[in-house]
Each structure stands twice: as C-alpha cells, then as structure tokens.
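Here is the structure we will look at, set down as structure tokens.
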Amino acid sequence: MDVLLINPKCTATFWSFKHALRFASGKAACPPLGLLTVAGMLPEEWNLRLVDMNLRKLRDRDLESADMVMVSAMMIQRASATEVLARCREMGVKVVAGGPLFTSNPQDFTSLADHLVLNEAEITLPGFLDDLKNGKARQVYSSEQFADMADTPLPRWDLVKPGNYQTLMVQYSRGCPFNCEFCDITNLFGRVPRVKSADQVIRELDAVYSLGWRGQLFFVDDNFIGNKREVRKVLRNLVEWVEERKHPFNFLTEASVNLADDDELIDLMVRAGFDAVFVGLETPNEESLQECGKKQNCRRDLTAAIKKIQGAGMQVLGGYIVGFDSDDESIFSRQIKFIQESGVVTAMVGLLNAPPNTRLWHRLKSEDRLLPGATGDNTDGTINFIPRMDVDVLLEGYRDILRTIYSPRQYYQRVSIFLKEYNPQYRKRLKIRELKGFLKSLFFIGVLGNGASQWYYWKMMIKAALFHRESFAEAMTLMVYGYHFRRVARRV
C-alpha cells in the first residue's frame with residue numbers, strides 16, 4: 001500500500017521562528033515527530049512518503065499516487081489540516097486523521113475524515129490496522145487508556161532530510177503532575193508522567209547521532225522533570241553518552257519552575273548539555289496563579305528562581321498570560337516589569353484562552369462565557385471567552401506589552417541582563433550553518449535594518465565580543481530572534 005503522510009502547514013507563530021529562518025540553513029523549525037513516530041508503527045511492507053507542508057506545497061500528484069493519506073495535526077494547524085482533508089475528500093482519497101487537533105475536536109471532522117484514530121497511537125492504531133486488514137475499519141478509534149512508553153518505536157528519520165530543519169526532536173515522557181486550569185496536557189496525556197527507559201532514550205539519541213546531526217535537540221516533553229526520580233537515571237546515562245561524544249548536541253526542553261529547587265537536577269541537566277528550558281511563569285499576580293491552579297509558582301520569588309537557573313548555565317524561555325479573572329489594569333505594567341527585570345529574553349506573552357475540555361473550558365462553559373473560534377495560538381490577539389476585564393482594555397494592554405518588550409531598546413536591555421546572569425558551562429563552537437546565519441544577520445539587520453534595531457544590533461555585537469565572549473553565539477542568536485518576535489508582534 002502506498003501511504004502519504006502529511007504534516008499540515010503552521011501559521012507564523014511565536015514558536016515557528018519563521019522570520020528568523022531567513023538567517024538559518026533550515027527551511028522549517030522542527031520536523032513532525034509525531035508522524036515519524038506513527039510511521040514506525042505501520043506495516044513494514046507499506047510504502048511510505050511524507051510531505052511536510054512547511055517545506056513545500058501539497059501537489060495533486062502527491063495525492064493521486066496515494067492509496068491512503070494519514071494526517072496528524074495540532075490546533076495551530078487547523079486551517080491547513082481542514083483544507084487537506086477537503087482536498088482528499090474531493091479527490092476521492094481515503095484519509096486517516098489523528099493527533100491533538102482531532103482528539104480534542106473529533107466532532108468537527110467526521111464529515112471530512114474516513115477514519116479518526118484518536119488519543120495515543122500506541123493504543124488505538126493497532127486496532128485500526130487490524131480492522132483495515134480485515135476490511136471492516138470503523139470511522140472512530142479512541143481510548144481512555146494511556147500508552148506504555150516502552151511500546152513507542154524509534155521515529156522513521158529516513159522519511160525526512162534533517163538538514164531542512166533548524167532543530168530535531170526526541171521525546172522522553174508524556175504527562176504532567178500539575179493540573180493548571182488552562183492547560184490541555186493532562187486531558188491528552190494524564191497527570192502521571194510516563195517515561196521511557198534510559199536505554200530507550202539512548203537508542204533514540206544514537207539514531208539522531210547516526211544521521212550526522214549536530215546542534216540543537218529538543219526534548220519535547222510536557223514537563224521533563226515531572227518524574228524527578230526517573231529523570232535523574234536518564235540524565236546520568238545522558239551525561240556519560242554526551243561526554244564520550246564530546247557534546248554533539250545542545251538540549252532544550254520544558255520544565256516546571258520547581259526545577260530551581262533542585263540543585264542536583266540542575267547540575268545533571270547542565271552537565272548533560274541542556275542550555276535552555278521553557279518555563280510557564282504566567283504572571284506576577286499571585287491571585288491569578290491561585291485562580292488557575294498554578295500551585296508550583298505560588299509563594300515563591302519567581303525572578304530569583306529564573307536567575308538561579310540562568311546562573312547555572314541554562315537560558316530560561318518564559319511563557320506569560322494576561323486575561324485572568326483576577327487581573328486588573330495594572331497587570332500590563334506589572335508583566336512588563338516582571339519580564340524586563342528577570343532577563344527572560346524569549347518571552348511568549350499570550351492572551352488567556354480555553355482549549356477544549358480543559359478545566360477552564362468547563363468552568364467558562366458553566367458560566368456561559370465561552371466564545372467560538374479558538375485558534376490554538378494564544379499570541380495572535382484572539383480570545384475565545386468573555387473576560388472580566390473590558391475586552392478592548394485587555395487587547396490594548398496586551399498589545400502594549402508586546403510593543404514594549406520587543407522594542408529594540410527594551411529587548412537589548414533584556415539580552416544584557418541575561419548575559420550578566422548567564423554562566424554557560426560549555427562554550428559553543430559556531431558551526432557552519434550558524435556561521436552562515438551570523439553573516440546573514442550582519443547584512444539584513446546590521447546593514448539593512450531600521451535605525452533602532454540596527455543600532456542595538458551593533459551595540460550588542462560589540463558588547464558580547466568584549467565582555468561575553470563565552471556567550472557570543474547566544475547573544476547574536478537572540479538578536480536574530482528579536483527580529484522574528486518584532487515581526488510576529490506586529491500582527492496583533
């Protein structure tokens with residue numbers, strides 16, 4: 001059977017780094033790890049091809065040569081995924097759909113998809129494949145069970161060209177022990193983190209290493225430290241693995257802020273090569289943290305926690321939210337102050353939204369405050385519920401945050417604060433693709449940039465070269481990211 005795997009197009013979001021990619025060798029930020037993993041579960045005799053619509057357009061001849069299409073998508077890919085399903089239906093190509101978008105909203109796609117294989121593929125895909133083989137496949141396959149991560153196969157990296165991407169990915173765990181009201185992770189993957197064994201993780205790293213990949217590798221876990229006891233075992237093996245290979249990767253992941261409470265865990269992560277971690281910081285408003293159930297952030301000095309992680313050698317990427325019921329009009333200036341003083345350069349500030357079936361979604365539904373049209377992108381200036389604050393005041397305050405923190409001056413100040421705190425344990429060597437990106441930035445920002453961005457770019461280059469040589473690569477990368485963030489902020 002000829003099967004076409006399709007990764008729908010992502011819009012230009014905060015995390016797409018679309019505008020930064022013009023300075024990089026990669027054409028897209030990340031490959032579709034979910035599809036590649038599902039591919040590892042399909043029958044060996046099937047002929048598989050993959051089209052990533054973030055790299056090229058989907059052509060009619062791609063569909064015409066397929067016996068079946070398999071689509072996986074997240075909420076942010078909804079528009080593109082819907083178009084793909086409609087094209088398949090029009091051309092008479094059988095389509096199978098799965099992933100978070102379809103799992104959260106199956107009722108929206110029953111008229112477009114021949115088969116919906118929902119929840120975790122390790123559980124639901126085998127039943128579909130058996131029924132398909134016997135000619136009695138149903139339309140919907142779902143399960144309330146969670147998969148054993150030991151059953152997850154190696155991704156089929158042979159289906160993509162790694163050089164097309166800026167970052168490759170691996171997954172160690174699923175689920176999160178916390179239950180923040182606005183987060184859909186616990187609905188999708190549960191509150192008990194499920195993990196792969198250390199041997200399993202090493203096999204995945206060996207597979208990526210054998211591709212010839214060197215550079216950033218993203219552990220796409222919902223909370224990498226959700227099971228601290230098990231993650232220590234993995235990290236000890238990882239430290240040994242990277243040291244034997246002279247640190248071929250620099251790792252990025254997501255973790256809760258209580259990472260700052262565990263000196264041993266921080267040390268292991270840094271020794272293993274983690275140099276960046278995304279943390280959901282959300283807000284300096286304690287009442288809003290209590291409101292959304294973000295208990296791990298409550299009653300602590302968040303700025304001190306950030307600086308501790310930075311000082312150990314990991315950049316903190318921060319997620320922030322405005323629009324909680326407990327927020328008043330002072331929240332906008334408070335968020336700006338919080339972000340600026342902490343030196344979190346990559347600060348994703350979003351409007352509160354209610355993903356389907358989250359605790360927030362159910363609460364707002366009971367209060368008759370839900371609105372249609374959730375986009376899956378909380379940074380595009382839209383909101384899917386009626387806020388307590390006047391909506392026009394909320395939107396204008398949100399825009400003011402973005403205009404302020406991503407203005408060249410404020411952004412430069414934040415990079416400077418970060419560099420002062422940051423204490424990298426390993427000095428990065430500029431790789432060929434990074435050197436090309438640096439040279440492009442010299443021209444497009446340093447020469448062609450507008451007055452303010454151009455001025456602060458050169459000012460940062462000189463400052464980093466003189467006082468932060470060990471962090472020069474990080475400093476120049478962040479100045480390129482600033483170009484992307486300013487472009488994204490303008491759309492709001």
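Heads up: numbering here begins at 1 and tracks the sequence.
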(request) Verify, without hydrogens or angle tests, whether Asn250 (side chain) and Gly273 (backbone) share a donor-acceptor contact under 3.5 angstrom. (result)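 Checked: no pair found.
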(message) Looking at Asp221 and Ser173, would you say the former's side chain and the latter's main chain have a donor-acceptor pair under 3.5 Å?
(response)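 A pair under 3.5 Å: yes.
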(request) Tell me, please, which residues at least two apart from His115 pass ring pair (Phe, Tyr, Trp, His ring centres under 6.0 Å). (result)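 His115: ring pair (Phe, Tyr, Trp, His ring centres under 6.0 Å) contacts with Phe128.
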(request) Name all residues meeting the ring pair (Phe, Tyr, Trp, His ring centres under 6.0 Å) criterion together with Phe102; count only those two or more places apart in sequence or in a different chain, and write none if there are none. (result)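 Ring pair (Phe, Tyr, Trp, His ring centres under 6.0 Å) list for Phe102, sorted by chain: Phe109.
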(request) Might you point out which heavy atoms bring Ile401 and Gln335 nearest each other, and give the distance in Å? (result) CD1-CB, 4.0 Å
(request) Could you pull out the closest heavy-atom pair between Ile383 and Leu352, with the gap in Å? (result)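 Shortest heavy-atom contact: CG1-O, 3.4 Å.
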Under a 3.5 Å cutoff, is there a donor and acceptor pairing between the side chains of [X] and [Y]?
X: Thr124; Y: Asn119; result: no
X: Thr186; Y: Asn179; result: yes
X: Asn7; Y: Gln77; result: yes

(message) Does Arg334 qualify as a cation-pi partner of Phe338, given the criterion of NZ or CZ under 6.0 Å from the six-membered ring centre and within 45 degrees of its axis?
(response) no
(request) Assess Arg388 against Phe324: is NZ or CZ under 6.0 Å from the centre of the six-membered ring, and within 45 degrees of the ring's axis? (result)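 No, cation not above the ring by the 6.0 Å, 45° rule.
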(request) Give me the ring orientation class for Phe249 and Tyr209: parallel if the planes are under 30° apart, tilted from 30 to 60°, perpendicular past 60°. (result) perpendicular
(request) Could you give me the CA-CA distance, side-chain angles and deciding distance for Tyr172 and Phe224, then say whether ring-ring contact (aromatic ring centres under 6.0 Å, His included) is met? (result) CA-CA 8 Å; Tyr172 156 65; Phe224 183 72; 5.6 Å; yes
